[in-house]
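Remember, predicted model here, so these are calculated numbers, not experimental data. Just so it is clear: chains get the letters A, B, ... in the order the sequence lines come, proteins before strands, and each one is counted from 1.
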There are 2 protein chains.
Amino acid sequence: MAYKYEFARPALTVDCVVFGLDDEGLKVLLIERALEPFRGRWAIPGGFVRVDESLDDAALRELQEETGLKKVFLEQLCTVGTLDRDPRERVVTVAYYALVRLSNHRVQAATDAREALWFAMDDLPTLAFDHDQILESAYERLQAKVRYQPIGFELLPNKFTLRQLQSMYEIILDRELDKRNFRKKILGMGVLTELDEVEADVAHRAARLYRFNKAEYRRLTKQGFNFEI
Amino acid sequence: MAYKYEFARPALTVDCVVFGLDDEGLKVLLIERALEPFRGRWAIPGGFVRVDESLDDAALRELQEETGLKKVFLEQLCTVGTLDRDPRERVVTVAYYALVRLSNHRVQAATDAREALWFAMDDLPTLAFDHDQILESAYERLQAKVRYQPIGFELLPNKFTLRQLQSMYEIILDRELDKRNFRKKILGMGVLTELDEVEADVAHRAARLYRFNKAEYRRLTKQGFNFEI
DNA sequence: CCAAAAGTGTTTCACGTACACCCATGC
DNA sequence: GCATGGGTGTACGTGAAACACTTTTGG
């Protein structure tokens with residue numbers, strides 16, 4: 001008990017909702033708690049902020065320690081400071097959400113998490129603490145933001161087909177999009193680079209591959225362009 | 001020094017960017033710091049979060065203590081945890097922004113603030129800490145959000161003319177709007193109640209007064225309606 | 001009667017939406 | 001040659017944007 005303060009201080013944690021996408025749909029990465037409170041319950045990864053690391057760094061570190069994930073897209077969601085959200089003591093948490101390319105990443109459990117597993121968004125267990133609410137907020141943010149910011153590409157491989165891109169939006173927004181209108185719109189934006197490659201190992205005509213052109217996106221944005229699906 | 005913890009903890013504060021509107025334009029409420037660090041510099045109101053109050057409560061309390069403001073519209077902006085943002089020690093702050101009806105509120109200084117003053121957005125002093133950045137973020141949020149959420153009404157009197165409403169949007173968005181198109185659009189939404197009153201004491205034809213109909217807005221929103229300017 | 005702002009409609013254009021068929025490829 | 005998904009164009013309707021004059025009121 002080496003640290004003393006004149007006034008009581010809330011503990012400060014970061015928690016991170018990690019979204020991933022595969023053929024089955026949108027997934028969330030959860031860890032099984034190895035310690036009390038809520039031992040054995042599923043939770044979103046997170047942990048205490050150290051006094052010598054920034055909030056973003058804390059979120060990245062916890063993500064790596066508990067799930068092995070590195071270099072993911074990460075964005076602050078909100079900060080929750082309800083009085084009784086942790087039974088032990090007053091804990092304020094800065095919530096983040098992350099988007100990862102499921103195809104690229106292996107996930108492992110570590111430290112105080114017993115196991116890390118991907119759950120389908122439509123088949124989630126009840127979570128520890130107020131993590132259900134945080135997850136719900138994160139999903140709402142994702143649904144809203146994917147429409148006017150090109151963050152959806154963070155869920156896809158670097159090279160993708162227009163079909164994959166459209167499916168990603170259909171899954172996240174939970175509604176069908178018209179194929180021709182979608183292609184017209186997204187290609188018309190001029191932020192996709194058409195590659196001299198097609199997808200491999202398909203039992204039908206192979207689709208062309210594209211890449212998101214971030215530099216061009218930024219250039220257009222400076223000129224008043226607004227991404228919108 | 002009564003409170004001891006096993007690990008060092010960052011201090012936790014709330015800071016609040018308060019926007020107000022009058023004939024001259026958009027204003028921000030700043031306080032002059034009476035204590036070190038940054039003694040004598042202007043800052044946005046804020047202070048330490050107590051261990052037994054929620055974040056929102058802390059923001060409301062600080063606002064009242066430092067400026068006398070009560071019952072304002074308040075929304076969380078973001079949380080900043082840069083390592084050296086406070087020269088004394090590690091301080092993480094949860095930033096808020098508030099919207100107040102300038103016509104209704106008297107402002108007073110109190111506690112550790114020497115003075116509270118409204119500054120025009122285009123004539124701001126250099127602020128203490130990283131408050132310039134927080135203020136900038138708050139302004140960007142306001143500009144973005146005012147377009148798709150009816151928060152702009154929080155800056156106007158309860159009864160307002162369409163001209164006042166349009167001016168509010170023109171000031172915040174920093175561009176002119178077409179009078180006829182604006183009136184068509186806003187009246188077409190059906191969220192304004194036309195009153196049997198007109199403005200008083202004007203040296204020309206008096207304009208009709210309207211009120212924002214929050215209940216109707218909520219009803220329409222449930223049916224899929226989207227507010228948008 | 002003059003100044004000042006309130007109030008009001010129509011036309012045009014861009015963009016979103018709906019919709020169906022042929023083509024390329026692998027097996 | 002057949003099954004599977006890739007790739008393409010047009011017509012229609014809705015809503016945004018541009019635009020100017022008459023009315024009301026107070027001084």
Separation of C:dC15 atom P from A:Met189 atom CE, nearest Å, is 12 Å

B:Leu162 atom CG is separated from D:dT24 atom P, nearest whole Å, by 18 Å

note: B:Gln164, atom CD; C:dA6, atom C1'; distance rounded to Å ~ 13 Å

From CD of B:Gln166 across to P of C:dA5 the rounded distance in Å is 14 Å

Polar atoms only, N or O, under 3.5 Å: list the protein pairs with nucleotides 24-27 of chain C and their distances.
unit_1, atom_1, unit_2, atom_2, d
C:dA24, O4', A:Arg205, NH1, 3.4

Requested in this report: Kindly say whether B:Leu177 contributes a backbone atom to a donor-acceptor pair with the side chain of B:Gln166 at under 3.5 angstrom?
Outcome: yes

In whole angstroms, the gap separating P of C:dA6 from CG of B:Leu195 amounts to 16 Å

Mind listing the N/O atom pairs, protein and nucleotides 8-16 of chain D, below 3.5 Å?
unit_1, atom_1, unit_2, atom_2, d
D:dT10, O4, A:Lys184, NZ, 2.9

Across all chains, not counting sequence neighbours, the ring pair (Phe, Tyr, Trp, His ring centres under 6.0 Å) partners of A:Phe119 are A:Trp42

Any donor and acceptor pair, going by atom type alone, linking the side chain of A:Arg33 with main-chain N or O of A:Ala43 inside 3.5 Å?
no

note: B:Ile229, atom CD1; D:dA17, atom P; distance rounded to Å ~ 11 Å

Contacts of A:Tyr139 meeting ring pair (Phe, Tyr, Trp, His ring centres under 6.0 Å) (sequence neighbours excluded), chain-then-number -> none

Which donor-acceptor pairs under 3.5 Å do the side chains of residues 188-207 of chain A make with protein atoms, sequence neighbours left out?
unit_1, atom_1, unit_2, atom_2, d
A:Thr193, OG1, A:Asn213, ND2, 3.4
A:Glu194, OE2, A:Arg208, NE, 3.2
A:Glu197, OE1, A:Lys159, NZ, 3.4
A:Glu197, OE2, A:Lys159, NZ, 2.8
A:Glu199, OE2, A:Ala207, N, 3.0

The ring pair (Phe, Tyr, Trp, His ring centres under 6.0 Å) partners of B:Phe38 (sequence neighbours excluded) come to B:Phe129

Review point. A:Tyr217 vs A:Phe227 aromatic rings, parallel, tilted or perpendicular, using cut-offs 30° and 60°?
Key: perpendicular

Taken to the nearest whole Å, CD1/A:Ile186 to P/C:dG16 is 12 Å

note: B:Glu228, atom CD; C:dG16, atom P; distance rounded to Å ~ 12 Å

Worksheet item: Cut-off 3.5 Å, side chains only: do B:Glu75 and B:Tyr97 have a donor facing an acceptor?
Response: yes

TODO: Check whether the ring centres of A:Phe160 and A:Phe212 lie less than 6.0 Å apart, and answer yes or no.
DONE: no

